[in-house]
Structure formats: structure tokens, C-alpha cells
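Everything below concerns the one structure shown next.
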Amino acid sequence: MATYTLPELPYDYAALEPVINPQIIELHHDKHHAAYVKGANDTLEQLEEARDKGAWGAINGLQKNLAFHLSGHILHSIYWHNMTGDGGGEPLAADGVGDLADAITESFGSFAGFKSQLTKAAATTQGSGWGVLAYEPVSGRLIVEQVYDHQGNVGQGSVPVLVFDAWEHAFYLQYKNQKVDFIEAMWRVVNWQDVAKRYAAAKERADVLLLAP
């Protein structure tokens, strides 16, 4: 039985227009995300076979493949819920996301400063990757991270709460090679309610995620 399964989209393919067109959503979810799920499951089977045979010649490649496909699956699973056709703007206390808004201001100085940093991080990730807002449990702060090729630069205990997909398959059919335009447009569909729930959950689990002095 497969360990990982492709989650259903929380909306239809056209729900994020005009920011992301239906064709992209369909291909992105049904093909690309599905490929990460299959890749993670296949790699787990290959690792099981390696354990059974005591054959470890391919261990480095298998571990890298597992990180690649599993990160792709997890980040995409967050990504779909981070977006809504009724989203965008700035998180506000009046919308019930005041704790998140306060944390952003405390961690980055202002929402504008945070927005600028995440935009630049997503748009300038080397190769293919993501811009990520994450909760870092040692300091209790929010930080911005870059995930390139589903590998690094991340703090090991950090929990992603908002992710911007900057791989070409996320935007090329609509935005061509204008990655920055796509990242700027993404702010119009951010689901702050979902981000706030993830932030609250990460804070509650901080002592379980990582024990540190």
C-alpha cells in the first residue's frame, strides 16, 4: 500500500483566475504533484529493497530522491491550501488573523518588509525552488527561507506556513519567463486564514518539534 497519496484540490481548476489559469492548475496538480507522490512511494520501495538485500551502493542517490519527492509532495500540499480566489491583501486583526499580523511585524519590521523579502527570495531562488515563510521554533520567530530543487536552504526545525512555488511549471504557460510577475500576482490569492491556522498550530507544537536550551 502506498505511503503517500495525492490530496484533492480544495477548489476547482478555475478558482484562482485570473492569477493562475485552469490549465496550469490542472497540469500542476494532476501531473506534477502526482509525480512527486509516485516518486516518494517508489523511492521508499527501493530503500526497502536495499535494506532487504543489504545493497547500499545507491544509498546517496536514494536519500536525495526521497528528500526531493517528499519535499515536493509536502510543499505542494501546503501550496494548494495557501491560496484562495477570495484571498490577497494584508493579514488584519479585523479578519481574525491578528496574531499572524503581529508576528509578521515583530519578525520583519513591517508587512511591507516581509512582502519584499519573500518576493525576492522566491524570485531569485537558484535553479528551481520555492520562497517559504516558516515558523522557527528555537527563536519563536517567523523567517523567510529559500528551497532550491527541494533540498535547502532551510532551518532543520522550521515549519512552513506559506509557500510560493517558483518552479517554471507553476507559471510558464501563463507568465512565460516572467517569474517576478507571477510572484507579484501570487499575493492576490494568499489565503491568510490558512496561513494563520498553520502559524498557530506550529507555535502549539514547538516544544514537540524541537527541544532546545
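For clarity, every value in this text was computed on a predicted model and none was experimentally measured. Every heavy atom of this structure was used, including side-chain atoms; hydrogens, water molecules and symmetry mates were not.
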- [ ] Using a 4.5 Å cut-off on heavy atoms from C-beta on, say whether the side chain of Gln193 contacts that of Val97.
- [x] yes

TODO: Evaluate the criterion side chain to side chain contact (heavy atoms under 4.5 Å, CB included) for residue pair Leu133 and Phe108; output intermediate values, then yes/no.
DONE: CA-CA 11 Å; Leu133 173 67; Phe108 300 99; 3.8 Å; yes

Task: Derivation and outcome, side-chain hydrogen bond (donor to acceptor under 3.5 Å, both in side chains), residues Asp194 and Tyr199 - done: CA-CA 9 Å; Asp194 181 69; Tyr199 170 63; over 6 Å; no

- [ ] Give the minimum heavy-atom separation between Pro18 and Arg188, together with the two atoms involved.
- [x] CG-NH2, 3.6 Å

TODO: For this output row, return yes or no: ring centroids of Trp130 and His76 closer than 6.0 angstrom.
DONE: yes

- [ ] Report the distance from atom NE2 of His81 to atom OH of Tyr11, rounding to the nearest 0.5 Å.
- [x] 7.5 Å

Open item on the list: Less than 4.5 Å apart, side chain to side chain, heavy atoms only: is that true for Leu162 and Phe114?
Closed with: yes

Task: Donor-acceptor contact present, side-chain Thr124 to main-chain Lys120, <3.5 Å - done: yes

Task: Any side-chain donor near an acceptor of the partner, Glu136 and Ser139, under 3.5 Å - done: yes

- [ ] Taking Asn191 for its side chain and Gly87 for its backbone only, find out whether a donor-acceptor pair lies under 3.5 Å.
- [x] no

Task: For the student: nearest non-hydrogen atoms of Glu106 and Arg141, plus distance - done: O-NH1, 3.8 Å

Open item on the list: Side chains of Gln63 and Leu47, heavy atoms from C-beta outward: is any pair under 4.5 Å?
Closed with: yes

Task: Between Asp165 and His28, a side-chain donor and acceptor under 3.5 Å - done: yes

- [ ] Decide yes or no on ring-ring contact (aromatic ring centres under 6.0 Å, His included) for Phe164 and Trp187, but give the supporting numbers first.
- [x] CA-CA 9 Å; Phe164 278 13; Trp187 291 101; 4.9 Å; yes

Open item on the list: Whether the Glu145 and Ser158 side chains hold a donor-acceptor pair (N or O, under 3.5 Å, no angle test) is what I'd like checked.
Closed with: yes

TODO: Decide whether Leu6 and Ile24 are clustered together by the hydrophobic rule: side chain heavy atoms of Ile, Leu, Val, Met, Phe, Trp, Tyr closer than 4.5 Å, transitively.
DONE: yes

Open item on the list: Do Val144 and Val180 sit in one hydrophobic cluster, given that two such residues count as connected whenever their side-chain heavy atoms are within less than 4.5 Å of each other, even indirectly?
Closed with: no

Task: same_hphob_cluster(Tyr148, Ile143) at 4.5 Å side-chain heavy-atom cutoff - done: no

Open item on the list: Measuring from atom NZ of Lys179 to atom OG of Ser128, what distance do you get when rounded to the nearest 0.5 angstrom?
Closed with: 6.5 Å

Open item on the list: So Val195 and Leu100, do their side chains get closer than 4.5 Å, heavy atoms only?
Closed with: yes

Open item on the list: Just so I know, are the side chains of Ile78 and Arg198 near enough to count as touching, which here means a heavy-atom distance under 4.5 Å?
Closed with: yes

Task: Straight-line distance of Ser77 OG to Tyr4 OH, nearest 0.5 Å - done: 11.0 Å

TODO: Determine whether the side chains of Trp80 and His33 contain a donor N or O and an acceptor N or O closer than 3.5 Å.
DONE: yes

Open item on the list: Please determine whether side chain to side chain contact (heavy atoms under 4.5 Å, CB included) holds for the pair Val189 and Met186, giving the CA-CA distance in whole Å, both sets of side-chain angles, and the decisive distance to 0.1 Å.
Closed with: CA-CA 6 Å; Val189 293; Met186 274 290 299; 4.2 Å; yes

Open item on the list: Please check: side-chain N/O of Trp167 versus main-chain N/O of Asp149, any donor-acceptor pairing under 3.5 Å?
Closed with: no

TODO: Taking the side chain as every heavy atom from C-beta outward, state whether Ile25 and Asn21 have any atom pair closer than 4.5 Å.
DONE: no

Task: Tyr36 and Asn41: side chain donor to acceptor below 3.5 Å - done: no

